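Worksheet for the structure shown next.
What you see is a predicted model, and the numbers here were worked out from it, not measured in a lab. Hydrogens, waters and symmetry mates are skipped; everything else that's a heavy atom, side chains included, is used.
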Amino acid sequence: DYKEHVIQFLDFRNNNMCNLKCRSCGPAFSTSWASEADHTIIHEFNPVDITSIDLSKCRKIYFAGGEPLLNPQHYELLNSLLEQHLYPEIMYSTNTTVLQYKDQSVKDLWPRFPKVQVFSSIDAVGPAAQAVRSGTVWADAEKNLQWMRSQSNIVLNIATVISAVNIWWLQDLLDYIDSWLLEENFMPVLAYPNGSVGLGIIPGQYKEPLVEMLQKSRFSKVPAMQAAAGRYSPPFLHAIDMGLTVRPEQRPQNVAALRELLWADSLPPDVAAPSPAPADDDRTVLMPPVAAGGAGATALDRKSTRLNSSH
């Protein structure tokens, strides 16, 4: 079908080759995992005739995998673009542990494009990173991150998958992100709640200590009612806070209850009107769990950044 349409955005992921065995991943997206699983197809590779794709109108190309920087056709596509003097924005979801495949390196290719967006799958730092994403050599990953930071055309984002595996080291990761001045580029997602490493598998007796541990961190505790005061209606912000509270029984229990909060004309009588947020001290924000009848919420936030469910 792509031959019959004008392509403005291309999602390119035809290869599951990957050098890591991440705890939140599996055989469908990693040849390293597939080699250990009982699968008929270990390496899924659907070659594409690059020359048959008209990208003259393409504005953005997104590369994923597997690990896209190990996909030989990724390099073929970049070289084809450069030969045609085409310079779309290129974006990547990458584990950041490698920057080349055989004799091809993105260090030679990326600087030739005006804008490169990198979503780096960093779930922890140091030895913890190697435990969460098996096969990671942290020294190599950090060196690659440093190179990306040195390039003016590369926008580096940290796309953390928060799971039962790395939640205990989250504070160290956030400290690391702050030290690199990447708070604005922190884009976390949640592992499937009831998946193999989702937060839903954490035994009940550990959940309360976990909440207490995060609350005692150095990060500010600012609910949406305060952080966005004056920019949105108080009932709307209150609805967000209630929907994000850590305790399920204190959230709206159905769509009707959420709709009632979102469309309310005023705040409930037991909820105080929001006060403006304090001056931004440039720290990552950690919202607290809501108290009974209160308006707090639990969510990792950096200004407008929110936790989203992964797909």
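- Hydrophobic clustering (side-chain heavy atoms under 4.5 Å, transitive across Ile, Leu, Val, Met, Phe, Trp, Tyr) keeps L173 apart from V137.
- Side-chain atoms of T160 do not come within 3.5 Å of backbone N or O of D123 as any donor-acceptor pair.
- When side chains are defined from C-beta on, L174 counts as touching F186, because their heavy atoms get closer than 4.5 Å.
- Atom NZ of K107 is separated from atom CG of L99 by 6.0 Å, given to the nearest 0.5 angstrom.
- Hydrophobic cluster membership differs between L20 and V189, with clusters built from Ile, Leu, Val, Met, Phe, Trp and Tyr side chains linked at under 4.5 angstrom.
- Within a 6.0 Å sphere centred on CH2 of W263, other residues, nucleotides and ligands contribute 12 heavy atoms or fewer.
- With a 4.5 Å cut-off on side-chain heavy atoms, S121 and S93 count as touching.
- What you find for A129 and A124 is that their closest heavy atoms are CB-O, 3.2 Å.
- Taken to the nearest 0.5 Å, the CE atom of M225 stands 11.0 Å off from the CD1 atom of I240.
- Without hydrogens or angle criteria, S30 side chain to W33 main chain gives a donor-acceptor distance under 3.5 Å.
- Side-chain contact check for V125 versus W138: some heavy-atom pair is nearer than 4.5 Å.
- Using modelled atom types, no side-chain atom of N15 and backbone atom of G65 make a donor-acceptor pair closer than 3.5 Å.
- Below 30°, between 30° and 60°, or above 60°: for F63 and H74 the angle between ring planes is above 60°, a perpendicular geometry.
- Under the 4.5 Å side-chain contact rule for hydrophobic residues, F29 and L70 do not share a cluster.
- In this structure, A164 and I201 approach most closely via the heavy-atom pair CB-CG1, 3.8 Å.
- Side-chain contact between M242 and L258 is absent, with no heavy atoms from C-beta onward closer than 4.5 Å.
- The local environment of NZ in K207 is crowded, with over 12 non-hydrogen atoms from other residues, nucleotides or ligands closer than 6.0 Å.
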- Task: Please step through side chain to side chain contact (heavy atoms under 4.5 Å, CB included) for the pair I53 and L77, ending with a clear verdict.
- Result: CA-CA 10 Å; I53 308 177; L77 181 53; 5.5 Å; no

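- Of the residues listed (N95, T96, N16), the one engaging E67 in a side-chain hydrogen bond (donor to acceptor under 3.5 Å, both in side chains) is N95, and it is the only one.
- Contact annotation: the side chain of L109 approaches that of L82 to within less than 4.5 Å [non-hydrogen atoms, C-beta and beyond].
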Set out, in order, the CA-CA distance, both residues' side-chain angles and the distance that settles side chain to side chain donor-acceptor pair (under 3.5 Å) for Q84 and S80, then state yes or no.
CA-CA 6 Å; Q84 299 176 69; S80 176; 3.0 Å; yes

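- To the nearest 0.5 Å, atoms CG (D241) and CG (L261) are separated by 10.5 Å.
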Show, in sequence, the C-alpha distance, side-chain angles and deciding distance for L78 and Q104, and conclude whether the side chain to side chain contact (heavy atoms under 4.5 Å, CB included) test is met.
CA-CA 11 Å; L78 290 191; Q104 296 275 345; over 6 Å; no

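- Of all heavy-atom pairs spanning P88 and K60, the tightest one is CB-N, 4.1 Å.
- Looking at heavy atoms from C-beta onward, F9 lies in side-chain contact with Y62 at the 4.5 angstrom threshold.
- Of all the heavy atoms in S163 and A191, the pair that sits closest is CB-CB, 3.9 Å.
- In the model, S150 has no side-chain atom that pairs as donor or acceptor with a side-chain atom of Q146 under 3.5 Å.
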Derivation of the ring pair (Phe, Tyr, Trp, His ring centres under 6.0 Å) call for Y92 and W110 = CA-CA 11 Å; Y92 293 83; W110 283 359; 4.8 Å; yes

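- When the shell of 6.0 Å around OH of Y75 is examined, it contains more than 12 heavy atoms from other residues, nucleotides or ligands.
- Judged by distance alone, with hydrogens and angles left aside, the side-chain atoms of D140 form no donor-acceptor pair with the main-chain N or O of T97 at under 3.5 Å.
- When each of I158, I177, T136, V132 is tested with I122 by the rule side chain to side chain contact (heavy atoms under 4.5 Å, CB included), just one qualifies, namely I158.
- Counting only distance, with no hydrogens or angles, the side chain of R149 and the backbone of V155 share no donor-acceptor pair below 3.5 Å.
- Using a 3.5 Å distance cut-off with no hydrogens or angles, the side chains of Q73 and N14 do pair a donor with an acceptor.
- Between L262 and F236, the closest side-chain pair of non-hydrogen atoms falls below 4.5 Å.
- Between R23 and S196 the shortest heavy-atom distance is O-OG, 4.2 Å.
- Of the possible polar contacts, none joining the E260 side chain to the A256 backbone as a donor-acceptor pair under 3.5 Å is found.
- Side-chain atoms of N166 do not come within 3.5 Å of backbone N or O of W169 as any donor-acceptor pair.
- Around OH of Y87, the count of heavy atoms belonging to other residues, nucleotides or ligands within 6.0 Å exceeds 12.
- Rounded to the nearest 0.5 Å, atoms CG (L55) and CD (Q8) are 12.0 Å apart.
- In this structure, CD in E89 is found 5.0 Å from CD in Q117, a value given to the nearest 0.5 Å.
- Taking hydrophobic clusters as Ile, Leu, Val, Met, Phe, Trp and Tyr residues chained together by side-chain heavy-atom distances below 4.5 Å, V106 shares a cluster with L145.
- For S52 (side chain) and D49 (main-chain N/O), a donor-acceptor pair under 3.5 Å exists by modelled atom type.
- The shortest distance between side-chain heavy atoms of P235 and D265 does not fall below 4.5 Å.
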task: Would you sort out whether W168 and Y206 count as a side chain to side chain donor-acceptor pair (under 3.5 Å), showing the intermediate values?
output: CA-CA 11 Å; W168 307 99; Y206 295 114; over 6 Å; no

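- Taken from CG in N144 to CD in Q100, the straight-line distance is 9.5 Å, to the nearest 0.5 Å.
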